There are 2 protein chains.
Amino acid sequence: MSRGNTRQRIQDVALELFAERGYEKTSLREIAEQLGVTKAALYYHFKTKEDLVTSLFEDLVLGPADAVIAWAEAHQPTTLETKLEILNRYSACIGNATPLVRFMHENQAALRDLSIGEQMKTRILTLLQLIKDQDAALTDQVRCASALFTMHSTLFTLEGSNADPEEKRKAALEVAQELVTAAHHGSAPGPAPETGNARHE
Amino acid sequence: MSRGNTRQRIQDVALELFAERGYEKTSLREIAEQLGVTKAALYYHFKTKEDLVTSLFEDLVLGPADAVIAWAEAHQPTTLETKLEILNRYSACIGNATPLVRFMHENQAALRDLSIGEQMKTRILTLLQLIKDQDAALTDQVRCASALFTMHSTLFTLEGSNADPEEKRKAALEVAQELVTAAHHGSAPGPAPETGNARHE
DNA sequence: GTCTATAACTAGATAGAC
DNA sequence: GTCTATCTAGTTATAGAC
(Lines give C-alpha, C1' and ligand atoms only; values in the text may rest on other atoms or scores of the structure.)
Protein backbone atom coordinates (compact mmCIF):
# COMPACT_ATOMS: atom_id res chain seq x y z
CA MET A 1 0.00 0.00 0.00
CA SER A 2 0.87 3.66 0.24
CA ARG A 3 2.02 3.78 -3.36
CA GLY A 4 2.55 6.85 -5.46
CA ASN A 5 -0.59 6.14 -7.44
CA THR A 6 -2.88 7.65 -4.83
CA ARG A 7 -3.67 10.62 -7.01
CA GLN A 8 -4.86 8.36 -9.80
CA ARG A 9 -6.91 6.25 -7.43
CA ILE A 10 -8.59 9.36 -6.07
CA GLN A 11 -9.51 10.41 -9.60
CA ASP A 12 -10.96 6.99 -10.41
CA VAL A 13 -13.14 6.84 -7.32
CA ALA A 14 -14.16 10.48 -7.66
CA LEU A 15 -15.33 10.00 -11.25
CA GLU A 16 -17.26 6.90 -10.26
CA LEU A 17 -19.03 8.62 -7.38
CA PHE A 18 -19.59 11.92 -9.19
CA ALA A 19 -21.20 10.02 -12.05
CA GLU A 20 -23.29 7.85 -9.79
CA ARG A 21 -24.55 10.34 -7.23
CA GLY A 22 -23.91 13.74 -8.82
CA TYR A 23 -21.28 16.38 -8.12
CA GLU A 24 -22.92 18.23 -5.26
CA LYS A 25 -24.20 15.19 -3.45
CA THR A 26 -20.80 13.51 -3.50
CA SER A 27 -18.80 14.65 -0.50
CA LEU A 28 -15.06 14.44 -0.12
CA ARG A 29 -15.72 12.34 2.98
CA GLU A 30 -17.41 9.68 0.83
CA ILE A 31 -14.57 9.65 -1.66
CA ALA A 32 -12.03 9.35 1.11
CA GLU A 33 -13.98 6.60 2.86
CA GLN A 34 -14.33 4.49 -0.24
CA LEU A 35 -10.59 4.75 -0.76
CA GLY A 36 -9.83 3.96 2.84
CA VAL A 37 -8.01 7.25 3.33
CA THR A 38 -8.96 10.48 5.06
CA LYS A 39 -10.20 13.76 3.70
CA ALA A 40 -6.90 15.35 4.56
CA ALA A 41 -5.18 12.97 2.16
CA LEU A 42 -7.40 14.26 -0.62
CA TYR A 43 -6.41 17.80 0.19
CA TYR A 44 -2.80 16.88 -0.16
CA HIS A 45 -3.33 15.85 -3.77
CA PHE A 46 -5.98 18.38 -4.80
CA LYS A 47 -6.27 21.92 -3.57
CA THR A 48 -10.08 21.92 -3.61
CA LYS A 49 -13.04 19.86 -4.71
CA GLU A 50 -13.17 21.97 -7.85
CA ASP A 51 -9.51 21.25 -8.51
CA LEU A 52 -10.30 17.55 -8.33
CA VAL A 53 -13.18 17.64 -10.78
CA THR A 54 -11.24 19.89 -13.11
CA SER A 55 -8.37 17.41 -13.28
CA LEU A 56 -10.80 14.78 -14.52
CA PHE A 57 -11.81 16.87 -17.51
CA GLU A 58 -8.50 18.33 -18.54
CA ASP A 59 -6.85 15.21 -19.88
CA LEU A 60 -9.88 13.26 -21.02
CA VAL A 61 -12.01 15.81 -22.84
CA LEU A 62 -10.68 19.35 -22.75
CA GLY A 63 -7.37 18.47 -24.38
CA PRO A 64 -8.81 16.19 -27.07
CA ALA A 65 -11.56 18.69 -27.86
CA ASP A 66 -8.97 21.42 -28.30
CA ALA A 67 -7.13 19.17 -30.72
CA VAL A 68 -10.28 18.81 -32.82
CA ILE A 69 -10.81 22.57 -32.79
CA ALA A 70 -7.20 23.22 -33.77
CA TRP A 71 -7.51 20.79 -36.67
CA ALA A 72 -10.77 22.41 -37.78
CA GLU A 73 -9.36 25.92 -37.66
CA ALA A 74 -6.42 24.80 -39.79
CA HIS A 75 -8.86 23.64 -42.46
CA GLN A 76 -10.81 26.77 -43.16
CA PRO A 77 -12.86 27.71 -45.07
CA THR A 78 -14.99 24.84 -43.87
CA THR A 79 -16.32 22.56 -46.59
CA LEU A 80 -18.95 19.93 -45.94
CA GLU A 81 -16.26 17.26 -45.92
CA THR A 82 -14.39 19.16 -43.24
CA LYS A 83 -17.54 19.48 -41.16
CA LEU A 84 -18.16 15.75 -41.36
CA GLU A 85 -14.59 15.06 -40.33
CA ILE A 86 -14.97 17.41 -37.37
CA LEU A 87 -17.94 15.37 -36.23
CA ASN A 88 -15.98 12.19 -36.78
CA ARG A 89 -13.03 13.35 -34.70
CA TYR A 90 -15.17 14.83 -31.97
CA SER A 91 -17.22 11.66 -31.76
CA ALA A 92 -14.07 9.62 -31.26
CA CYS A 93 -12.84 11.98 -28.59
CA ILE A 94 -16.02 11.93 -26.49
CA GLY A 95 -16.37 8.19 -27.04
CA ASN A 96 -13.21 7.78 -24.98
CA ALA A 97 -14.73 9.71 -22.11
CA THR A 98 -18.30 8.49 -21.94
CA PRO A 99 -18.77 8.65 -18.15
CA LEU A 100 -17.38 12.17 -18.10
CA VAL A 101 -19.67 13.36 -20.89
CA ARG A 102 -22.63 11.90 -19.08
CA PHE A 103 -21.50 13.54 -15.87
CA MET A 104 -21.16 16.86 -17.66
CA HIS A 105 -24.69 16.69 -19.04
CA GLU A 106 -26.34 15.62 -15.82
CA ASN A 107 -24.54 18.23 -13.73
CA GLN A 108 -24.64 21.33 -15.90
CA ALA A 109 -26.10 23.42 -13.12
CA ALA A 110 -23.43 22.31 -10.69
CA LEU A 111 -20.58 22.83 -13.16
CA ARG A 112 -21.91 26.12 -14.44
CA ASP A 113 -19.93 28.37 -12.16
CA LEU A 114 -16.88 26.16 -12.03
CA SER A 115 -14.21 27.29 -14.45
CA ILE A 116 -14.15 23.90 -16.11
CA GLY A 117 -17.86 24.19 -16.91
CA GLU A 118 -17.34 27.46 -18.70
CA GLN A 119 -14.36 26.07 -20.57
CA MET A 120 -16.30 23.06 -21.82
CA LYS A 121 -19.16 25.30 -22.86
CA THR A 122 -16.78 27.44 -24.88
CA ARG A 123 -15.40 24.38 -26.68
CA ILE A 124 -18.85 23.12 -27.62
CA LEU A 125 -19.94 26.55 -28.79
CA THR A 126 -16.79 26.84 -30.88
CA LEU A 127 -17.47 23.48 -32.50
CA LEU A 128 -21.00 24.60 -33.21
CA GLN A 129 -19.75 27.76 -34.91
CA LEU A 130 -17.46 25.65 -37.05
CA ILE A 131 -20.14 23.31 -38.35
CA LYS A 132 -22.93 25.81 -38.84
CA ASP A 133 -23.07 28.74 -41.23
CA GLN A 134 -23.38 32.03 -39.40
CA ASP A 135 -26.32 33.24 -41.45
CA ALA A 136 -28.04 29.88 -41.85
CA ALA A 137 -31.79 29.54 -41.54
CA LEU A 138 -33.04 28.85 -38.02
CA THR A 139 -33.94 25.23 -38.77
CA ASP A 140 -30.42 24.64 -40.05
CA GLN A 141 -28.94 26.07 -36.89
CA VAL A 142 -31.19 23.74 -34.91
CA ARG A 143 -29.96 20.82 -37.02
CA CYS A 144 -26.33 21.58 -36.20
CA ALA A 145 -26.93 22.06 -32.51
CA SER A 146 -28.97 18.88 -32.52
CA ALA A 147 -26.10 17.04 -34.19
CA LEU A 148 -23.75 17.81 -31.32
CA PHE A 149 -26.40 17.11 -28.71
CA THR A 150 -27.20 13.80 -30.35
CA MET A 151 -23.59 12.62 -30.23
CA HIS A 152 -23.39 13.55 -26.57
CA SER A 153 -26.67 12.16 -25.35
CA THR A 154 -26.64 8.93 -27.33
CA LEU A 155 -23.57 7.90 -25.35
CA PHE A 156 -25.72 7.39 -22.29
CA THR A 157 -29.33 7.03 -23.40
CA LEU A 158 -31.19 4.22 -25.14
CA GLU A 159 -30.84 2.23 -21.96
CA GLY A 160 -33.22 -0.45 -23.09
CA SER A 161 -31.06 -1.08 -26.09
CA ASN A 162 -28.62 -3.90 -25.54
CA ALA A 163 -26.41 -2.46 -28.25
CA ASP A 164 -22.67 -2.25 -27.84
CA PRO A 165 -21.56 1.31 -26.88
CA GLU A 166 -19.33 1.54 -29.92
CA GLU A 167 -22.28 0.69 -32.17
CA LYS A 168 -24.34 3.39 -30.51
CA ARG A 169 -21.55 5.90 -30.96
CA LYS A 170 -21.34 5.10 -34.67
CA ALA A 171 -25.09 5.32 -35.11
CA ALA A 172 -25.12 8.70 -33.39
CA LEU A 173 -22.29 9.91 -35.60
CA GLU A 174 -24.22 8.84 -38.67
CA VAL A 175 -27.34 10.72 -37.62
CA ALA A 176 -25.27 13.78 -36.67
CA GLN A 177 -23.57 13.78 -40.05
CA GLU A 178 -26.94 13.58 -41.81
CA LEU A 179 -28.17 16.56 -39.82
CA VAL A 180 -25.14 18.66 -40.64
CA THR A 181 -25.29 17.62 -44.29
CA ALA A 182 -28.90 18.71 -44.44
CA ALA A 183 -28.03 21.99 -42.75
CA HIS A 184 -25.10 22.55 -45.10
CA HIS A 185 -27.38 22.31 -48.09
CA GLY A 186 -29.72 24.71 -46.43
CA SER A 187 -32.89 22.78 -47.12
CA ALA A 188 -34.83 19.65 -46.21
CA PRO A 189 -32.46 16.72 -45.72
CA GLY A 190 -31.73 14.15 -48.38
CA PRO A 191 -28.83 12.27 -49.93
CA ALA A 192 -26.16 14.81 -50.86
CA PRO A 193 -26.76 16.17 -54.40
CA GLU A 194 -24.00 17.08 -56.85
CA THR A 195 -22.17 20.02 -55.27
CA GLY A 196 -22.92 21.76 -52.00
CA ASN A 197 -23.91 25.16 -53.31
CA ALA A 198 -27.67 24.95 -53.27
CA ARG A 199 -28.90 27.72 -51.00
CA HIS A 200 -32.18 27.75 -49.18
CA GLU A 201 -34.72 30.56 -49.76
CA MET B 1 -49.59 42.28 2.27
CA SER B 2 -49.98 38.90 3.88
CA ARG B 3 -52.37 37.77 1.18
CA GLY B 4 -53.37 34.24 0.38
CA ASN B 5 -51.09 34.22 -2.65
CA THR B 6 -47.96 33.45 -0.63
CA ARG B 7 -47.81 29.89 -1.91
CA GLN B 8 -47.78 31.11 -5.49
CA ARG B 9 -45.13 33.71 -4.73
CA ILE B 10 -42.93 31.07 -3.16
CA GLN B 11 -43.24 28.93 -6.27
CA ASP B 12 -42.35 31.85 -8.54
CA VAL B 13 -39.24 32.79 -6.61
CA ALA B 14 -38.22 29.16 -6.16
CA LEU B 15 -38.41 28.45 -9.89
CA GLU B 16 -36.43 31.57 -10.64
CA LEU B 17 -33.66 30.70 -8.19
CA PHE B 18 -33.63 26.99 -8.97
CA ALA B 19 -33.25 27.80 -12.67
CA GLU B 20 -30.61 30.43 -12.08
CA ARG B 21 -28.41 28.76 -9.49
CA GLY B 22 -29.37 25.08 -9.62
CA TYR B 23 -31.44 22.96 -7.25
CA GLU B 24 -28.79 21.98 -4.74
CA LYS B 25 -27.14 25.35 -4.53
CA THR B 26 -30.40 27.14 -3.89
CA SER B 27 -31.15 27.09 -0.19
CA LEU B 28 -34.50 27.64 1.42
CA ARG B 29 -32.89 30.51 3.26
CA GLU B 30 -32.22 32.29 -0.05
CA ILE B 31 -35.77 31.74 -1.24
CA ALA B 32 -37.15 33.04 2.01
CA GLU B 33 -34.85 36.05 2.04
CA GLN B 34 -35.77 37.09 -1.48
CA LEU B 35 -39.42 36.91 -0.48
CA GLY B 36 -38.87 38.82 2.72
CA VAL B 37 -40.15 35.96 4.84
CA THR B 38 -38.45 33.34 6.98
CA LYS B 39 -37.64 29.71 6.30
CA ALA B 40 -40.34 28.66 8.73
CA ALA B 41 -42.93 30.38 6.56
CA LEU B 42 -41.87 28.18 3.65
CA TYR B 43 -42.33 25.10 5.76
CA TYR B 44 -45.88 26.10 6.44
CA HIS B 45 -46.69 25.94 2.75
CA PHE B 46 -44.44 23.07 1.68
CA LYS B 47 -43.55 20.06 3.74
CA THR B 48 -39.99 19.79 2.37
CA LYS B 49 -37.74 21.23 -0.30
CA GLU B 50 -38.62 18.24 -2.47
CA ASP B 51 -42.31 18.96 -1.99
CA LEU B 52 -41.71 22.49 -3.24
CA VAL B 53 -39.87 21.48 -6.39
CA THR B 54 -42.40 18.75 -7.09
CA SER B 55 -45.24 21.22 -6.98
CA LEU B 56 -43.55 23.20 -9.75
CA PHE B 57 -43.57 20.26 -12.11
CA GLU B 58 -46.94 18.73 -11.43
CA ASP B 59 -49.14 21.37 -13.02
CA LEU B 60 -46.82 22.69 -15.68
CA VAL B 61 -45.29 19.59 -17.26
CA LEU B 62 -46.31 16.34 -15.64
CA GLY B 63 -50.03 16.85 -16.19
CA PRO B 64 -49.74 18.12 -19.78
CA ALA B 65 -47.30 15.34 -20.67
CA ASP B 66 -49.72 12.76 -19.33
CA ALA B 67 -52.42 14.28 -21.52
CA VAL B 68 -50.23 13.80 -24.60
CA ILE B 69 -49.52 10.21 -23.62
CA ALA B 70 -53.19 9.50 -23.03
CA TRP B 71 -54.04 10.91 -26.46
CA ALA B 72 -51.30 8.85 -28.07
CA GLU B 73 -52.38 5.63 -26.42
CA ALA B 74 -55.93 6.22 -27.61
CA HIS B 75 -54.66 6.40 -31.19
CA GLN B 76 -52.89 3.08 -31.54
CA PRO B 77 -51.59 1.48 -33.67
CA THR B 78 -49.35 4.46 -34.23
CA THR B 79 -49.17 5.75 -37.78
CA LEU B 80 -46.65 8.30 -38.94
CA GLU B 81 -49.30 10.99 -38.78
CA THR B 82 -50.00 10.09 -35.17
CA LYS B 83 -46.31 10.26 -34.32
CA LEU B 84 -46.00 13.72 -35.85
CA GLU B 85 -49.03 14.87 -33.90
CA ILE B 86 -47.50 13.49 -30.70
CA LEU B 87 -44.44 15.63 -31.34
CA ASN B 88 -46.64 18.59 -32.11
CA ARG B 89 -48.62 18.28 -28.90
CA TYR B 90 -45.57 17.57 -26.76
CA SER B 91 -43.75 20.54 -28.25
CA ALA B 92 -46.65 22.82 -27.32
CA CYS B 93 -46.73 21.43 -23.81
CA ILE B 94 -43.03 21.94 -23.07
CA GLY B 95 -43.10 25.30 -24.83
CA ASN B 96 -45.36 26.48 -22.02
CA ALA B 97 -42.83 25.45 -19.42
CA THR B 98 -39.49 26.46 -20.88
CA PRO B 99 -37.73 27.41 -17.63
CA LEU B 100 -38.83 24.17 -16.04
CA VAL B 101 -37.59 22.05 -18.94
CA ARG B 102 -34.27 23.80 -18.81
CA PHE B 103 -34.11 23.30 -15.07
CA MET B 104 -34.88 19.60 -15.52
CA HIS B 105 -32.09 19.15 -18.03
CA GLU B 106 -29.48 21.04 -16.09
CA ASN B 107 -30.27 19.32 -12.82
CA GLN B 108 -30.78 15.71 -13.83
CA ALA B 109 -28.32 14.47 -11.24
CA ALA B 110 -30.00 16.43 -8.48
CA LEU B 111 -33.52 15.35 -9.50
CA ARG B 112 -32.55 11.75 -10.10
CA ASP B 113 -33.47 10.41 -6.69
CA LEU B 114 -36.40 12.74 -6.18
CA SER B 115 -39.70 11.11 -7.03
CA ILE B 116 -40.50 13.84 -9.55
CA GLY B 117 -37.31 13.09 -11.46
CA GLU B 118 -38.24 9.47 -11.87
CA GLN B 119 -41.74 10.40 -12.92
CA MET B 120 -40.52 12.77 -15.63
CA LYS B 121 -38.09 10.16 -16.86
CA THR B 122 -40.91 7.64 -17.17
CA ARG B 123 -42.99 10.06 -19.23
CA ILE B 124 -40.17 10.80 -21.65
CA LEU B 125 -39.35 7.12 -22.04
CA THR B 126 -43.01 6.38 -22.71
CA LEU B 127 -43.14 9.05 -25.41
CA LEU B 128 -40.01 7.57 -26.93
CA GLN B 129 -41.59 4.12 -27.05
CA LEU B 130 -44.60 5.62 -28.79
CA ILE B 131 -42.68 7.30 -31.58
CA LYS B 132 -40.10 4.60 -32.23
CA ASP B 133 -40.65 1.09 -33.54
CA GLN B 134 -39.51 -1.50 -31.04
CA ASP B 135 -37.43 -3.43 -33.53
CA ALA B 136 -36.16 -0.45 -35.49
CA ALA B 137 -32.56 -0.22 -36.65
CA LEU B 138 -30.20 1.42 -34.17
CA THR B 139 -29.84 4.59 -36.23
CA ASP B 140 -33.61 4.96 -36.32
CA GLN B 141 -33.78 4.63 -32.56
CA VAL B 142 -31.14 7.31 -32.30
CA ARG B 143 -33.19 9.53 -34.60
CA CYS B 144 -36.26 9.23 -32.38
CA ALA B 145 -34.37 9.87 -29.17
CA SER B 146 -32.64 12.78 -30.86
CA ALA B 147 -36.01 14.19 -31.89
CA LEU B 148 -37.16 14.45 -28.29
CA PHE B 149 -33.80 15.76 -27.11
CA THR B 150 -33.83 18.37 -29.85
CA MET B 151 -37.21 19.72 -28.82
CA HIS B 152 -36.08 19.97 -25.23
CA SER B 153 -32.66 21.46 -25.73
CA THR B 154 -33.57 23.94 -28.45
CA LEU B 155 -35.78 25.69 -25.92
CA PHE B 156 -32.72 26.95 -24.12
CA THR B 157 -29.76 26.77 -26.48
CA LEU B 158 -28.80 28.82 -29.53
CA GLU B 159 -28.14 31.71 -27.19
CA GLY B 160 -26.45 33.77 -29.85
CA SER B 161 -29.54 33.59 -31.96
CA ASN B 162 -31.77 36.56 -31.45
CA ALA B 163 -34.74 34.53 -32.63
CA ASP B 164 -38.06 34.65 -30.90
CA PRO B 165 -38.58 31.64 -28.57
CA GLU B 166 -41.71 30.60 -30.41
CA GLU B 167 -39.78 30.57 -33.70
CA LYS B 168 -37.12 28.37 -32.13
CA ARG B 169 -39.75 26.00 -30.80
CA LYS B 170 -41.29 25.67 -34.24
CA ALA B 171 -37.93 25.11 -35.89
CA ALA B 172 -37.11 22.40 -33.35
CA LEU B 173 -40.48 20.76 -33.94
CA GLU B 174 -39.80 20.76 -37.67
CA VAL B 175 -36.41 19.10 -37.27
CA ALA B 176 -37.84 16.60 -34.78
CA GLN B 177 -40.62 15.67 -37.18
CA GLU B 178 -38.09 15.15 -39.96
CA LEU B 179 -36.07 12.84 -37.75
CA VAL B 180 -39.08 10.77 -36.78
CA THR B 181 -40.28 10.66 -40.39
CA ALA B 182 -36.90 9.37 -41.47
CA ALA B 183 -36.92 6.81 -38.68
CA HIS B 184 -40.45 5.74 -39.56
CA HIS B 185 -39.38 5.00 -43.13
CA GLY B 186 -36.40 3.14 -41.80
CA SER B 187 -33.83 4.74 -44.09
CA ALA B 188 -31.92 7.91 -44.78
CA PRO B 189 -34.09 11.00 -44.32
CA GLY B 190 -35.79 12.79 -47.14
CA PRO B 191 -39.12 14.35 -48.06
CA ALA B 192 -41.80 11.76 -47.37
CA PRO B 193 -42.38 9.57 -50.47
CA GLU B 194 -45.78 8.35 -51.64
CA THR B 195 -46.81 5.94 -48.90
CA GLY B 196 -44.87 5.06 -45.81
CA ASN B 197 -44.02 1.48 -46.61
CA ALA B 198 -40.51 1.73 -47.99
CA ARG B 199 -38.30 -0.33 -45.71
CA HIS B 200 -34.59 0.08 -45.25
CA GLU B 201 -32.10 -2.56 -46.45
C1' DG C 1 2.69 11.11 2.07
C1' DT C 2 -0.78 10.30 5.30
C1' DC C 3 -2.91 11.02 9.53
C1' DT C 4 -5.92 13.26 13.84
C1' DA C 5 -8.38 16.92 15.31
C1' DT C 6 -10.94 20.70 14.68
C1' DA C 7 -12.34 25.21 12.87
C1' DA C 8 -15.88 27.70 10.61
C1' DC C 9 -19.85 27.32 8.41
C1' DT C 10 -24.41 26.11 6.16
C1' DA C 11 -27.90 23.04 5.24
C1' DG C 12 -32.81 21.24 6.05
C1' DA C 13 -36.05 20.80 9.49
C1' DT C 14 -38.94 21.50 13.94
C1' DA C 15 -41.19 23.53 18.29
C1' DG C 16 -43.72 26.76 19.94
C1' DA C 17 -44.74 31.96 20.66
C1' DC C 18 -47.70 35.47 18.67
C1' DG D 1 -49.93 32.60 8.61
C1' DT D 2 -45.64 34.14 10.05
C1' DC D 3 -42.27 34.66 13.44
C1' DT D 4 -37.82 33.50 16.79
C1' DA D 5 -34.93 30.19 18.30
C1' DT D 6 -32.81 26.03 18.07
C1' DC D 7 -31.40 21.30 16.67
C1' DT D 8 -28.92 17.87 14.16
C1' DA D 9 -26.11 16.70 10.78
C1' DG D 10 -23.57 17.63 7.19
C1' DT D 11 -20.07 20.30 4.42
C1' DT D 12 -15.23 22.28 2.82
C1' DA D 13 -11.01 23.31 4.48
C1' DT D 14 -6.77 23.86 7.53
C1' DA D 15 -3.01 23.19 11.15
C1' DG D 16 0.09 20.41 12.66
C1' DA D 17 1.57 15.60 14.47
C1' DC D 18 3.74 11.34 12.75
Side-chain angles (χ1 to χ4, degrees), chain A residues 1-57 103 106-107 109-118, chain B residues 1-57 103 106-107 109-118:
Chain A
M1 286 304 147
S2 175
R3 282 259 226 0
N5 62 346
T6 306
R7 189 187 153 95
Q8 176 70 48
R9 287 172 57 230
I10 293 172
Q11 287 178 313
D12 292 344
V13 171
L15 175 52
E16 190 184 323
L17 289 180
F18 282 156
E20 187 183 309
R21 325 202 338 102
Y23 178 70
E24 320 243 23
K25 287 215 301 242
T26 304
S27 66
L28 298 180
R29 180 185 55 74
E30 286 173 304
I31 298 173
E33 264 174 19
Q34 186 145 128
L35 276 163
V37 300
T38 62
K39 277 189 291 177
L42 265 49
Y43 276 98
Y44 173 77
H45 291 280
F46 300 96
K47 222 171 62 225
T48 62
K49 189 183 183 184
E50 171 168 358
D51 191 35
L52 171 52
V53 75
T54 300
S55 79
L56 297 176
F57 279 92
F103 170 66
E106 292 184 344
N107 292 270
L111 299 179
R112 186 157 39 191
D113 37 75
L114 268 46
S115 85
I116 191 67
E118 214 184 317
Chain B
M1 286 304 150
S2 173
R3 282 262 225 358
N5 62 344
T6 306
R7 189 187 155 94
Q8 175 70 48
R9 286 172 58 229
I10 294 172
Q11 288 178 314
D12 292 345
V13 171
L15 175 53
E16 190 184 322
L17 289 180
F18 283 157
E20 185 182 311
R21 326 203 337 104
Y23 178 69
E24 321 242 23
K25 286 216 301 244
T26 303
S27 66
L28 298 181
R29 180 184 56 76
E30 285 173 304
I31 297 174
E33 261 174 21
Q34 185 145 128
L35 276 163
V37 300
T38 62
K39 275 193 292 177
L42 266 50
Y43 277 98
Y44 173 79
H45 292 279
F46 299 97
K47 222 172 61 224
T48 63
K49 190 183 183 183
E50 171 167 358
D51 190 35
L52 170 52
V53 74
T54 300
S55 78
L56 297 176
F57 278 93
F103 171 67
E106 292 182 344
N107 292 270
L111 298 180
R112 185 155 42 192
D113 37 76
L114 268 46
S115 84
I116 192 68
E118 213 183 318

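Source: prediction; values computed, not measured. First the proteins, then the strands, lettered A, B, ... as listed; each starts at 1.
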Distance below 4.0 Å between B:Thr6 side-chain N/O and D:dT2 OP1 or OP2: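 Yes.
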Strictly below 4.0 Å: does A:Tyr44 bring a side-chain N or O up to OP1 or OP2 of C:dG1?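 Indeed, a polar side-chain atom of A:Tyr44 lies that close.
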Can you list everything that forms a side-chain hydrogen bond (donor to acceptor under 3.5 Å, both in side chains) with [X]? Sequence neighbours excluded, please.
X       : answer
B:Glu33 : B:Arg29
A:Lys25 : B:Asp113
B:Gln11 : B:Ser55
A:Asp51 : none

What is the distance, to the nearest angstrom, from the NE2 atom on A:His45 to the P atom on D:dA13?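 So the NE2-P distance, A:His45 to D:dA13, works out to 16 Å.
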Between D:dG1 atom P and B:Ile10 atom CD1, what is the distance in whole Å?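 Taking CD1 of B:Ile10 and P of D:dG1, I get 11 Å after rounding.
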Can you build the contact string for nucleotides 3-18 of chain C? Use B for base contact, S for sugar-phosphate-only contact, and - for no protein heavy atom under 4.0 Å. BB------SBBBB---
So which pairs with a foot in residues 21-40 of chain A pass ring-ring contact (aromatic ring centres under 6.0 Å, His included), sequence neighbours left out?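 Qualifying pairs: A:Phe18-A:Tyr23.
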Flag the pair A:Thr54 / A:Leu114 as yes when at least one side-chain heavy-atom distance between them is below 4.5 Å, and no otherwise.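 No; the side chains remain at least 4.5 Å from each other.
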